Amino acid sequence: MEIASKYDPHAVEDRWYAYWLEKKLFHSEPDTREPYTIVIPPPNVTGVLHMGHMLNNTIQDVLVRRARMLGKNACWVPGTDHASIATEAKVVNMLKERGIDKRSLSRDEFMKYAWEWKEEHGGIILKQLRKLGASCDWDRTSFTMDDIRYESVIRVFCDLYNKGLIYRGVRMVNWDPQALTAVSDEEVIYKESHGKLYYLRYMIEGEPGKYAIVATTRPETIMGDTAMCVNPTDEKNVHLHGKKVVVPLVGRVIPVIEDEYVDVEFGTGCLKVTPAHDINDYNLGMKHHLDSIDIFNDNGTLNDNGGKYAGMDRFACRKQIVKDLEEAGLLEKVEDYTNNVGYSERTNVVIEPKLSAQWFVKMTDIAAKALEVVEDNTIQFHPEKFKNTYRHWLENIKDWCISRQLWWGQRIPAYYLPNKEVVVAPTREEAYKIACEKFPGVVASADQLVQDEDVLDTWFSSWLWPISLFDGIRNPDNEEIRYYYPTNDLVTAPDIIFFWVARMIMAGEEYRHEVPFKHVYFTGIVRDKLGRKMSKSLGNSPDPIMLIEKYGADGVRMGMLLTAPAGNDLPFDESICEQGRNFANKIWNALRLVKGWEPSTDLKQSAENSLAVQWMEQRMAQVLEEIERDFDNYRLSEALMASYKLVWDDFCSWYLEMVKPAYGQPLDAETLAATLTIFEKLMCILHPFMPFVTEEIWHTLRPCCREDQSIMVEPMPRSVDYDHQFMADFATAQELITNVRGLRNSKGLSPKEALELHIKGGHPAQFDGLVMKMANLSCIATISDKLDGALSFMVGTTECFVPMSQNINKDEEIKKLQEELTYTEGFLASVMKKLGNEKFVNGAPEKVVAIERKKQADAEQKIAALKAQIDALK
RNA sequence: GGGAGUAUAGCUCAGCUGGUUCAGAGCACCUGCCUUACAAGCAGGGGGUCACAAGUUCGAACCUUGUUACUCCCACCA
């Protein structure tokens, strides 16, 4: 069979993915095996695959595939997130393009459009994950708003309400004037922005011509001022105590109050208090029983309280009001000012603090439990440093605002009675029942109940994900939840540690009394090579599907993993995929070589081949030890690098070259069979990282017995004991080979010209045959004295000589030897200094001193040898 | 403002409990090779004051303190 000289992933990847699906190899059902479970961080249903997903899902796939090969019942559950704000925004836009205004639609009509849109455009990302090779159990694909998940969320809401952990209250919330909804604290991003600080004059009542100056960044909010505040200890403002001042332009008379909160150093030490539009002012207002005047509409324009500015946008109003203040002579001065302004994570508009009635979850008690399980390592974070971040957040946690003024999401199951009382129940009928019991005679029928208009924060669905995926909320005792929960590993980006990771832990404790996962692997953030975050607006994010087209999924997977240790950002450059592609090609060519060998049953296995096989098998055991340790510590890139070197260096460069027969010659059947077995095992080791090329090669190696099989479920090779002396001796042999090749290279000799090697004294000779083959030597001779007229090198303390047919350049050789001598003498001097130090000899452990003495002896021996060689040349 | 982390070769990173795996790996680079598996390759090679300074120690990339630079998280003084 002819095998192409270049590996072509296109021909291979789709075929094997279809094969895996057809054989249902991704599917898991509970059985007697040990479970291994990962739930996918559900991407937005509106999302398309980006580099962050690639990294994240590659890691999950590596872990799942490895677990599967270790004999576990591996289950990776995929799904998507309904992403209220983002999805609703997209649907609204879509409607707008069709000339439909959301406000002209009823809630039900809107939801119909939204579901249509979701069915049509949603979940592209899951299709894209298949290209990557993700071995998700697609039969289990879920959605945070499908029936089971919807119902689970509703039940949890009711349950927490009944436990008194959910309440409704009027609070200052972060209002997104574009999305027209409240968002949680975590959804506000503060950015430094360059604005102005305006100094306004507030006339003092009853003291004509006298005024106090207030510095503010938001002059448009003066319409909402209900007090001015000074610090009671502020001497320069004592004259204002007990006075009243007039709000500029507005004319309203407001009191001057005193509070320690005011910073004496800032501006003039006078603060205008606008309880409706600033969180700190709100607190001051509560404390001093101030009125609260809301001047904004939900969309960020001014309402009727804005007087002549009513209807204007808040930023347009700011400009206008500054102009008007100036004309009225009430603007003292304007300074440039840099401060932090909060923006909505979803819509990127400036957040408006706003008083409104919202639903909250009490966090204090739930948070304490969630902190404990991370502190005591029931859940381990990789890397561990994220424990700090986690602790800090949980220790300072505030109640979670979970209501959103949107339609796309789980509608809050709270029903209002005509008497303003509220009942909470999963369905209207149940709510009616409760209403009748609690408030007899208030409602005559279920229809009279008015359901809350708001939906729940999307994270209020996703925090249940590891439980609700197995229907563990509705049926807490079902077989699946008992089998798959708790899950094993969670792989996610550190930026959602609060949004998601912490809250899943809370939900796990609350609803399973058990952690939702045992390990959390935090990936880094994928950046471009200039260190910038990948973003649409910068256009610096490569399309992952194009990358896969170009380098193959295996190539991209490997490229990303090689440079992405846990928690480290990944400066992504397309060229790292080349390394992956090249590696796939390298293995492919090893396959071509091996497949070209003809087995001969007449030929007996040579001693050399037998040794080569023994070495390779033990080398594999040795490296497996390392790989297993790396996986235990979640050091995936190191495990991959070790595998890479095992295949490329040890197998291809050393082993295959050692057993490779001369051109056209057959190979003894025993060695060939051993080679195939080793090759297969290597493919198993590599399979979690590079699933496609390894499956292809595994099948091609022994096509006869691979029908209907898959490497996916082959047992993963495990490390075993190996002979350390044997490996050390072989390493010495490798050094001999490298040295001879080096001599050849530096003297410009052809690799085809066979050389002789003379070794002074004894050396472990069992590998001589292999050394002769690999270094192209005609003989290896043992000599008792140094050899004249030869090039020399040392391996350890052993002197080696290679006779030259041509004259050797004595000066050059002497120079080279002299350099080595100087270095060794310096080395010896430092060793002697240590050994001459009594404190060292007495203080250091026996072992360390012995090592130094050995260094001394070796160095002395080497110096003597070098001196003798130099003398001989002279 | 508070906290955390990082700084080792041109790049990305290892370096465990201070001591022969202590100065490493991969990529990149340089030299020579189209040697019938692979130029997406082979063989060989160069390259680092371990950010800076002081200290502890017989001994420091590793421990302590300080300095500098970068990154991230939290807070939000109008």
Side-chain angles (χ1 to χ4, degrees), chain A residues 3 5-7 185 188 190 197-198 214-218 221 229 261-263 265-267 270-274 278-281 337 339-342 383 385-393 396 494-495 497-498 525 529 531 551 555 559 562-565 567-571 573 575-576 578-597 629 633 635 637-638 640-642 644-645 648 652-653 656-657 660 663-664 738 741-746 748 750-752 776 833-845 847-849 851-852 854-855 858:
Chain A
I3 304 177
S5 74
K6 293 247 192 295
Y7 172 64
D185 293 342
V188 180
Y190 287 89
L197 192 58
Y198 304 90
V214 168
T216 179
T217 54
R218 300 201 59 192
T221 62
C229 190
Y261 164 75
V262 177
D263 180 356
E265 302 300 319
F266 189 91
C270 296
L271 171 73
K272 71 189 217 45
V273 185
T274 321
D278 182 280
I279 181 66
N280 298 301
D281 291 12
Y337 189 65
N339 66 339
N340 281 336
V341 176
K385 66 176 176 185
F386 288 109
K387 267 173 92 167
N388 295 324
T389 317
Y390 182 83
R391 184 190 314 114
H392 186 259
W393 185 71
N396 296 284
D495 50 353
I497 185 169
F498 309 135
I525 294 165
K529 55 181 164 183
Y551 299 100
L562 266 181
T563 41
N568 272 30
D569 283 3
L570 170 89
D573 182 17
S575 64
I576 63 174
E578 265 175 49
Q579 198 181 347
R581 178 201 60 183
N582 293 356
F583 185 43
N585 193 51
K586 179 70 186 178
I587 314 168
W588 183 252
N589 276 288
L591 171 75
R592 289 179 66 210
L593 175 67
V594 171
K595 289 299 281 182
W597 288 342
R629 201 170 46 235
N633 294 310
R635 294 155 61 126
S637 33
E638 305 222 353
L640 173 57
M641 182 52 78
Y644 172 81
K645 288 196 275 192
W648 196 310
C652 293
S653 298
L656 289 179
E657 292 298 333
K660 184 174 172 179
Y663 181 66
T738 307
R741 285 173 177 173
L743 279 187
R744 225 190 263 282
N745 234 309
S746 63
S750 160
K752 284 174 187 157
N776 190 19
K833 197 179 150 199
K834 263 192 196 176
L835 286 171
N837 185 331
E838 257 180 61
K839 285 185 182 168
F840 171 73
V841 179
N842 299 330
K847 213 175 105 192
V848 176
V849 179
I851 287 165
E852 291 302 312
K854 172 91 165 72
K855 279 194 210 170
D858 287 355

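All values reported here derive from a predicted model rather than from experimental measurement. Throughout, a chain's letter reflects where its sequence line sits, starting with A, and its residues are numbered from 1.
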From [atom1] of [X] over to [atom2] of [N], roughly how many Å is that when rounded to an integer?
X	N	atom1	atom2	answer
A/L593	B/rU35	CG	C1'	14 Å
A/K752	B/rG32	NZ	C1'	14 Å
A/W588	B/rA39	CH2	C1'	19 Å

If the [atom1] atom of [N] is compared with that of [M], how far apart are they to the nearest Å?
N	M	atom1	value
B/rC72	B/rU67	P	22 Å
B/rC30	B/rA40	P	16 Å
B/rC11	B/rC29	P	15 Å
B/rU49	B/rG44	P	27 Å
B/rC16	B/rA23	P	15 Å
B/rA7	B/rA14	C1'	15 Å
B/rU21	B/rU31	C1'	29 Å
B/rG47	B/rA25	C1'	14 Å

Side-chain heavy-atom pair [X], [Y] within 4.5 angstrom cut-off:
X	Y	result
A/L562	A/I576	no
A/L835	A/V849	yes
A/R218	A/Y198	no

Original post:
Among B/rG15, B/rA43, B/rC38, which nucleotide sits nearest the side chain of A/E657?
Top reply: B/rC38
Original post:
If you check the A/P571 side chain, which of B/rU12, B/rA37, B/rG19 turns out closest?
Top reply: B/rU12
Subject >> Contact nearer the 5' end of RNA chain B, comparing A/N589 with A/T563 >> reply: A/T563
Subject >> 5' priority, RNA chain B, between A/G742 and A/A590 [closest heavy atom] >> reply: A/A590
Regarding [X], tell me which of base, sugar-phosphate or nothing describes its non-hydrogen contacts under 4.0 Å with the strands shown.
X	result
A/N396	nothing
A/T738	sugar-phosphate
A/Y198	nothing
A/K854	nothing

Please tabulate, one pair per line, each protein N/O and nucleotide N/O from nucleotides 56-61 of chain B that are separated by under 3.5 Å, including the distance.
| from | atom 1 | to | atom 2 | distance (Å) |
| --- | --- | --- | --- | --- |
| B/rC58 | O2' | A/N837 | ND2 | 2.9 |

Between the protein and nucleotides 75-78 of chain B, list every N/O to N/O distance that falls short of 3.5 Å.
| from | atom 1 | to | atom 2 | distance (Å) |
| --- | --- | --- | --- | --- |
| B/rC76 | N3 | A/N340 | ND2 | 3.1 |
| B/rC77 | OP2 | A/Y261 | OH | 3.3 |
| B/rC77 | OP2 | A/N280 | OD1 | 3.0 |
| B/rC77 | OP2 | A/N280 | ND2 | 2.1 |
| B/rC77 | O2' | A/Y337 | OH | 3.4 |
| B/rC77 | O2 | A/D263 | OD2 | 2.8 |
| B/rC77 | N3 | A/D263 | OD2 | 2.5 |
| B/rA78 | OP1 | A/N339 | ND2 | 3.4 |
| B/rA78 | OP2 | A/Y337 | OH | 2.5 |
| B/rA78 | O3' | A/T217 | OG1 | 2.9 |
| B/rA78 | N6 | A/D263 | O | 2.9 |
| B/rA78 | N6 | A/F266 | O | 3.3 |
| B/rA78 | N1 | A/D263 | N | 3.4 |

Original post:
Between A/E852 and A/F840, is a side chain to side chain contact (heavy atoms under 4.5 Å, CB included) present by the stated rule, with each step listed?
Top reply: CA-CA 11 Å; A/E852 291 302 312; A/F840 171 73; 3.7 Å; yes
Is the backbone of [Y] close enough, under 3.5 Å, to the side chain of [X] for a donor and an acceptor to pair up by distance?
X	Y	result
A/N842	A/E838	yes
A/N837	A/K833	no
A/N340	A/Y190	no
A/D278	A/T274	no
A/N776	A/P751	yes

Original post:
Base of B/rU57 relative to its sugar, syn (within 90° of 0) or anti?
Top reply: anti
**OP:** Anything below 3.5 Å on both distances counts as a pair; with that, list the stems of at least three consecutive Watson-Crick or G-U pairs involving RNA chain B.
**Re:** B:1-7 with B:68-74, B:10-13 with B:24-27, B:29-33 with B:41-45, B:51-55 with B:63-67
Original post:
How does protein reach along nucleotides 1-9 of chain B, written 5' to 3' as B (base within reach of a heavy atom under 4.0 Å), S (only sugar-phosphate), or - (no contact)?
Top reply: ---SS----
Starting at [atom1] of [X], measure out to [atom2] of [Y] and round the result to the nearest 0.5 Å.
X	Y	atom1	atom2	answer
A/C652	A/I587	SG	CD1	7.5 Å
A/L593	A/I3	CG	CD1	10.0 Å
A/R581	A/K6	CZ	NZ	8.5 Å

Original post:
Ring stacking, A/Y663 with base of B/rU36, under 5.5 Å and under 30°?
Top reply: yes
Original post:
What class does the angle between the rings of A/F266 and A/Y337 fall in, given that below 30° is parallel, 30 to 60° is tilted and above 60° is perpendicular?
Top reply: perpendicular
Original post:
For B/rC42, does either OP1 or OP2 sit under 4.0 Å from a side-chain N or O belonging to A/K586?
Top reply: yes
**OP:** Please state whether the phosphate of B/rC33, meaning OP1 or OP2, lies under 4.0 angstrom from any side-chain nitrogen or oxygen of A/R741.
**Re:** no
**OP:** Could you walk me through whether A/K834 and A/V841 pass side chain to side chain contact (heavy atoms under 4.5 Å, CB included), step by step?
**Re:** CA-CA 8 Å; A/K834 263 192 196 176; A/V841 179; over 6 Å; no
**OP:** Please step through side chain to side chain contact (heavy atoms under 4.5 Å, CB included) for the pair A/Y261 and A/N280, ending with a clear verdict.
**Re:** CA-CA 9 Å; A/Y261 164 75; A/N280 298 301; 3.1 Å; yes
**OP:** Go through the steps for A/I525 and A/L570 under the test side chain to side chain contact (heavy atoms under 4.5 Å, CB included), then give the verdict.
**Re:** CA-CA 6 Å; A/I525 294 165; A/L570 170 89; over 6 Å; no
Sort me out a list of protein N/O and nucleotides 27-29 of chain B N/O pairs below 3.5 Å, or just none if empty.
| from | atom 1 | to | atom 2 | distance (Å) |
| --- | --- | --- | --- | --- |
| B/rC27 | OP1 | A/Y644 | OH | 3.3 |

Close N or O pairs between protein and nucleotides 22-25 of chain B (under 3.5 Å):
| from | atom 1 | to | atom 2 | distance (Å) |
| --- | --- | --- | --- | --- |
| B/rA25 | O2' | A/K645 | NZ | 2.9 |

